[in-house]
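Proteins come first, then strands; the chains are lettered A, B, ... in the order of their sequence lines, and each starts at number 1. These numbers were taken from a predicted model, which means no experiment stands behind them.
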Amino acid sequence: MSIIATIKDKIANAIDNLYQQKIAIHEIQINETKQEFNGDYTLVTFPLTKILRKKPDEIASELGAYLIKNDSLFVAYEVIKGFLNVTISPNYYFDFLKNNYLNQNLGFAAPNQKKVMIEYSSPNTNKPLHFGHLRNIFLGHSVAAIMKQAGYEIIKANLINDRGIHICKSMIAWQLFANGETPKEANMKGDHFVGRYYVMYNDEFKKQVKQLIEEGRSEEDAAKNAPIFIQAQQLLRQWEAGDQETILLWKRMNEWVYEGFYATYEKMGITFDKFYYESNTYLLGRDFVMKALANGVLFEKEDKSIWIDLQDEGLDQKLLLRGDGTSVYITQDIGTAVLKYNDYKMDTSVYVIGDEQNYHMQVLKLILQKMKEPCADGIYHLSYGMVELPSGRMKSREGTVVDADDMIDEMKAIAQKNTEELGKVQNFSEPQLAELYTQLGLGALKFYLLRVDPKKKMMFNPQESIDFHGFTGPFIQYGHTRICSILKKATIQNFEINQAIEMSLAEKNILKLVEQYPTVVEQAATEMNPSLIGNYVYQLVKQFNSFLVDHSILKAEQEDIMKFRLQLCMICKHIISNSLFLLGIDAPEQM
RNA sequence: GGUCCCGUAGUUCAAUGGAUAGAACGAAAGUUUCCUAAACUUUAGAUACAAGUUCGAUUCUUGUCGGGACUACCA
């Protein structure tokens, strides 16, 4: 049990004994004591005043005195303005460290029999990945790792949006402008190559629209009648009709894109257990829609289009099937949701999708609930904020994007530059150096995107490169290497301490954080929020660095103190490397 | 128009309704004969505005101002 839970328990007990009152655990509020006061944890007594009909200070004093007298866990208390600050016995932390410094499972929970699918990345196959996608990918990867460690069975899924008008746009542009050129001939990564034609499509489209408007057409009319748009639509119809030539081109161009994506995923250390392709699933939703229509959940309009009425839920009417019987976006999603459930029967199905689709996901869940599909209640939209540039949102169509591959390369280059300037890895071979640059570059990038609460939108300024100092990935990685360096130089084998030692405030502060690690992981899993891990591990490393300044480890005053500090190093090393792992970041041993 | 989200130091981010609102970058000053200075230590600097609920509000409610998303028979 965590120390906070223990304290709550003991206080509930004390209240029962002192005042003959049963109090629910959640009524007891424990905070960490602020730096400027004496103590480790603080009971806020205000909420108890109503129940106990006593003044805050009275409650605090009586409880404090009782705890000190009856429980060796507490060694001191102080009452300030209704707050009861208690000091935890160093022995508690001493024992905690003794029992856990070799525990490689600290922060791991037992399996909880819950199965969770996490869908993330889910790219369109018409353009390369950009910086915004990276937030999605790193988030999904990290949440999967965190939840797995918290005891869930995890399926990592990627739903590839490989069909639709946007793909046809790249296809038509390639047909018109490429002269049969391949990525190899252009010496480009496949996804970038295809993305180039997507941009060409949009340039041409704009040109044509402008011309039509000059000829006197309205803007809306021009957009609908631009020849290249008509051609793209024609390609989509041909694709849906199964036209050989169109399908072949589609397959060919998608292969180019996949090759590029897989290379990027591999570079970033991102993996999936299951791929779904929209080209396989886009027809599945129709049957469910028809079934629901028969059950009276949906209604049909005069033109045979099929709708759901969500006005009772505060939303609008929503189209599910066009009058001509073809699917729309949400029709596909209904089908895919059911398919996923049939494949895995998971308890929860997480969708890592930007908050621009909040409405869409709300509708999707509601529809499935109304259809009484068993997958419905497990649907959870892990909604994250967009990454914005100083100039506003990233939009592929408008070319205002920061490319993912470029970004990774740039981060590696910065890692290399910094490393060379510091000159601390002269013993490394070329491949080792290359690996280190990747670890540090990706570490900086991933941490940068994961340290912010996923729900919140975040700003990225490409003019200011991502830092390697302060609250960053490399700072954490550096903390890890310093510990590794010390442990490598330690000569003793036996870390058993003979006599209890007196620990300093700095040491106790580190142990306080160490003890909280399992709780932090659990909370990050419950909230699906990796930033909690990022913030936590940063605190820990900062405490540790500050401890290192005035505490000698290998030249400690006594052998027992050295052993104690080495134990401290070992447990911190585990937590730091494990925290980084949960964020998808490698922890090098030397940098 | 309707629905929803967001306004915290110069900048980027923290803060289950709790004490004197924390960090980082940037700015100013300092620390290395000693386990990695990618580090550490100081200093200056913020809750958009106005009411309300509360013992207590950055947090909850309402209004004002400012920003954003969604509201397609696009995906």
Side-chain angles (χ1 to χ4, degrees), chain A residues 26 29-31 33-37 42 44-47 49-50 55-56 80-83 85 124 126 161 163-167 278 282 301 303 305-307 314-316 318-324 326-330 332-333 354-360 362 383 385-386 388 390 392-393 415 418-419 421-422 424-425 440 444 448 451-453 455-461 464 467-472 474-479 481-490 523 527 531 534-535 538-539 541-542 544-556 562 565 569 590-591:
Chain A
H26 70 264
Q29 208 183 119
I30 301 293
N31 298 339
T33 304
K34 292 206 140 209
Q35 276 301 320
E36 56 265 40
F37 302 107
T42 296
V44 185
T45 59
F46 296 98
T49 53
K50 274 185 194 144
K55 288 182 181 150
I80 296 171
K81 291 198 290 186
F83 295 90
N85 303 328
N124 290 341
N126 62 336
N161 298 299
R163 63 158 289 282
I165 188 72
H166 52 293
I167 315 296
E278 259 188 18
Y282 84 108
K301 287 197 175 173
D303 63 354
S305 61
I306 296 172
W307 297 69
L315 306 175
D316 294 327
K318 185 88 185 168
L319 176 94
L320 298 188
L321 216 51
R322 294 190 186 101
D324 61 8
T326 56
S327 300
V328 290
Y329 181 40
I330 202 149
Q332 301 175 32
D333 281 353
D355 61 9
E356 57 193 350
Q357 294 198 37
N358 284 353
Y359 180 74
H360 176 81
Q362 198 186 351
S383 166
M386 296 286 108
E388 292 180 1
R393 274 181 73 187
N418 290 350
T419 304
E421 276 172 9
L422 291 165
K424 294 182 185 180
V425 286
L440 296 180
Y448 183 87
R451 68 179 196 183
V452 181
D453 184 338
K455 289 191 293 292
K456 297 185 179 169
K457 63 183 175 193
M458 59 181 292
M459 177 67 72
F460 173 65
N461 188 347
E464 303 163 10
D467 217 309
F468 278 47
H469 303 272
F471 188 17
T472 67
F475 175 94
I476 318 282
Q477 290 171 315
Y478 179 64
T481 59
R482 288 181 83 182
I483 295 176
C484 288
S485 172
I486 292 167
L487 288 172
K488 223 177 284 175
K489 288 180 179 157
Q523 196 188 349
E527 294 180 21
S531 78
N535 279 287
Y538 173 61
Q539 289 299 326
V541 171
K542 221 158 52 119
F544 199 90
N545 283 338
S546 144
F547 153 80
L548 277 184
V549 170
D550 47 16
H551 292 69
S552 196
I553 293 175
L554 298 174
K555 290 177 187 160
M562 176 174 72
R565 290 178 184 164
C569 285
Q590 188 187 338
M591 65 187 268

Donor-acceptor pair present, A/D355 side chain and B/C4 base, under 3.5 Å | no
Answer yes if the side chains of A/D333 and A/H360 hold a donor-acceptor pair under 3.5 Å, and no otherwise.
-> yes
Side chain of A/Q29: nearest nucleotide among B/U71, B/U16, B/A37?
-> B/U16
Would you kindly compare A/D324 and A/I30 by the position of their nearest RNA chain B nucleotide and give the one closer to the 5′ end?
-> A/I30
Could you list the residues that satisfy salt bridge (Lys or Arg N to Asp or Glu O under 4.0 Å) with A/K455, not counting sequence neighbours?
-> A/D453
With sequence neighbours left out, what residues match A/A415 under side chain to side chain contact (heavy atoms under 4.5 Å, CB included)?
-> A/Y437, A/L440, A/F468
Taking the same atom, C1', in B/G22 and in B/A14, what whole-Å distance lies between them?
-> 6 Å
Using the test side chain to side chain contact (heavy atoms under 4.5 Å, CB included), find all partners of A/L422 that sit at least two apart in sequence or belong to another chain.
-> A/K424
Could you tell me the separation between the CD atom of A/Q35 and the P atom of B/A15, rounded to a whole number of Å?
-> 18 Å
Which atoms of nucleotides 7-11 of chain B (N or O only) lie under 3.5 Å from a protein N or O atom, and what are those distances?
none

Which part of the nucleic acid does A/L315 contact within heavy-atom distance under 4.0 Å: base, sugar-phosphate only, or nothing?
-> nothing
Ignoring backbone atoms, test whether A/K489 places a side-chain nitrogen or oxygen under 4.0 Å from the OP1 or OP2 oxygen of B/U36.
-> yes
Could you write nucleotides 19-25 of chain B as a row of B, S and -, 5' to 3', where a protein heavy atom under 4.0 Å of any base atom gives B, of only sugar-phosphate atoms gives S, and otherwise -?
-> BS--SSS
What base-paired stems does RNA chain B take part in, with at least 3 consecutive Watson-Crick or G-U wobble pairs and both distances under 3.5 Å?
-> B:1-7 with B:65-71, B:10-13 with B:22-25, B:27-31 with B:39-43, B:48-52 with B:60-64
Polar side chain donor-acceptor pair, A/D467 to A/T472, under 3.5 angstrom | no
Would you say A/R322 reaches B/C74's phosphate, i.e. side-chain N/O to OP1/OP2 under 4.0 Å?
-> yes
Sugar-phosphate only, base, or nothing, as touched by A/V452 at under 4.0 Å among non-hydrogen atoms | sugar-phosphate
So what does A/S485 touch, heavy atoms closer than 4.0 Å: a base, only the sugar-phosphate, or nothing?
-> base
